[in-house]
2 protein chains.
Amino acid sequence: MDSTLQTRPPLGCAAVMMSVFRASLQEHQLPVTQQREAVAGILFESTGHLSADDIAARLKERGDHVGKATIYRTLNLLVDVGLATEHDFDEGFKRYEARIGPSRHDHLICTSCGEVIEFHRPELETLQSEVASEYGFQPITRQVKIYGLCAECDAAEARENPDYRRAL
Amino acid sequence: MDSTLQTRPPLGCAAVMMSVFRASLQEHQLPVTQQREAVAGILFESTGHLSADDIAARLKERGDHVGKATIYRTLNLLVDVGLATEHDFDEGFKRYEARIGPSRHDHLICTSCGEVIEFHRPELETLQSEVASEYGFQPITRQVKIYGLCAECDAAEARENPDYRRAL
DNA sequence: CTCACTGCAAATAGTTTGCATGCAA
DNA sequence: TTGCATGCAAACTATTTGCAGTGAG
């Protein structure tokens, strides 16, 4: 299913995503409201992993106030139509990310400073299908999260406590 | 509310885990209380993924009432000393599992019926180290979760809605 | 005897929901 | 016009925390 390796289109991407979103709404007979466009716009123009609060803040600093309930409702909508991905990095809240095409990536999460590094490993696609078919499972999505210390935090830790790695 | 049980650990395993737990507590000058032993016991004797509520229920049906706050405090303690693993299967609450040795396994999660299937893939170990070293990252733990439909739910879905797979 | 643990209840925090009102179609 | 969408606030739910009392070492 994900046989096409696709890189993120650089420009105009947000605009394309917006029209896909509008089309999805119309297809489902749902109104295209200003709030929905505002929330989706913020997400599509950003490349990071945004929390509901991040989105609220960006909307505010742009003058576009949208109620938090609506932000959550819109994010869930985006996830449902497949235009956004939900992430849980164990921070006690969720983060959302625009989902451009079928391109899959996974994450390294620093448990010390919270940095999130994306990585791509096509082998994971194969492995996912293999494991799934072994159990008659129909895979829809996956999350691969590797927790640990980023290069900087690792160095810092090794400096303070030279043999911490022995515990791993 | 009960999780699916998978493989059965060797006998006496729970007892061994308990004494490791007691040792950890003593090492940190922490009292070995009845409540701590009760909570740890439930977790060590089970092979599944238990929520805090599951544990409360099992304690109750055994006559051993323990306050929920204490259950949470003990679970966090177990995670901190490395004797339990925390899982988040996107159910809105966490599940805990005894951690026997360094054996790694990952999960297939049915988004329809909630079944959790464990799988082992040694290649993931390699992949984890490769990716990590590529970014100078020091991996500590990982979570690989493949969401989708288990064989039964997939069949049921295909029966009701013959071409749902086209949407994937 | 002392200090940390326990239970309870109240507090948190992210997210969801009920309801009167406001817009998109 | 006709519904859904919105905003607010209240509701929810899992988890954490404060505090008076209890128990392990």
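Below, read A as the first sequence line, B as the second, and so on, with proteins coming before strands; counting in each chain starts at 1. Remember, it's a predicted structure, so these values are computed and weren't measured experimentally. Only heavy atoms go into these numbers, but all of them, side chains included; no hydrogens, no water, no symmetry mates.
The shortest distance between side-chain heavy atoms of A:Val116 and A:His49 falls below 4.5 Å. The side-chain heavy atoms of A:Tyr147 and A:Leu108, taken from C-beta on, include no pair separated by under 4.5 Å. Taking 4.5 Å as the limit, every side-chain heavy atom of B:Thr33 sits out of range of all side-chain heavy atoms of B:Thr70.
One atom, NZ of A:Lys94, and another, C1' of C:dT16, lie 11 Å apart when rounded to the nearest Å. Taking atom CG of residue A:Leu75 and atom C1' of nucleotide D:dA5, one finds them 15 Å apart after rounding to whole Å. Here C:dA4 presents its P atom at 10 Å from CD of B:Gln29, a figure rounded to the nearest Å. In this structure, the CZ atom of B:Arg36 is 14 Å from the C1' atom of D:dT22, given to the nearest Å. A straight line from CG of A:Asp90 to C1' of C:dA13 spans 16 Å, rounded to a whole angstrom. What separates CD1 of A:Ile55 from C1' of C:dT15 is a distance of 14 Å, to the nearest Å. The CG atom of B:Leu77 sits 14 Å away from the P atom of C:dA4 (whole-angstrom rounding). Look at CZ on B:Arg22: it is 11 Å from P on D:dG25, rounded to the nearest Å.
A salt bridge links B:Asp53 with B:Lys68: at least one charged nitrogen is closer than 4.0 Å to a carboxylate oxygen. Look at B:Arg95 and B:Asp88 and you find no salt bridge, because none of the NZ, NE, NH1 or NH2 atoms lies under 4.0 Å from a carboxylate O. Taking the charged nitrogens against the carboxylate oxygens, B:Arg99 and B:Glu86 have no contact shorter than 4.0 Å, which rules out a salt bridge. A salt bridge links A:Arg121 with B:Glu130: the closest approach of a Lys/Arg side-chain nitrogen to an acidic carboxylate oxygen falls below 4.0 angstrom.
Side-chain N/O atoms of B:Tyr96 and B:Asp54 include no donor and acceptor closer than 3.5 Å. For the residue pair B:His105/B:Glu97, the side-chain donor-acceptor check at 3.5 Å is satisfied.
One finds no side-chain N or O of B:Asn76 lying less than 4.0 angstrom from the OP1 or OP2 phosphate oxygen of D:dT15. A close approach under 4.0 Å does occur between a side-chain nitrogen or oxygen of A:Gln35 and OP1 or OP2 of D:dG7.
Among the protein residues, A:Asp88 comes within range of no part of the nucleic acid, since none of its heavy atoms lies under 4.0 Å from any strand.
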Using a cut-off of under 3.5 Å, enumerate the N/O to N/O pairs linking the protein to nucleotides 23-25 of chain C.
unit_1	atom_1	unit_2	atom_2	d
C:dA25	OP1	A:Val32	N	3.4

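Judged purely by atom type and a 3.5 angstrom limit, B:Arg36 uses its side chain to pair as donor or acceptor with the backbone of B:Pro31. In this structure, A:Arg22 contributes its side chain and A:Met17 its backbone to no donor-acceptor pair below 3.5 Å.
Taking every heavy atom of residues 62-73 of chain B and every atom of DNA chain C, pairs under 4.0 Å involve B:His65, B:Val66, B:Gly67, B:Ala69, B:Thr70, B:Arg73, by number.
Where the helix from C:dC1-D:dG25 to C:dA25-D:dT1 starts and where it ends, the local axes point in directions that differ by 40°; five pairs per end, rounded to 10°.
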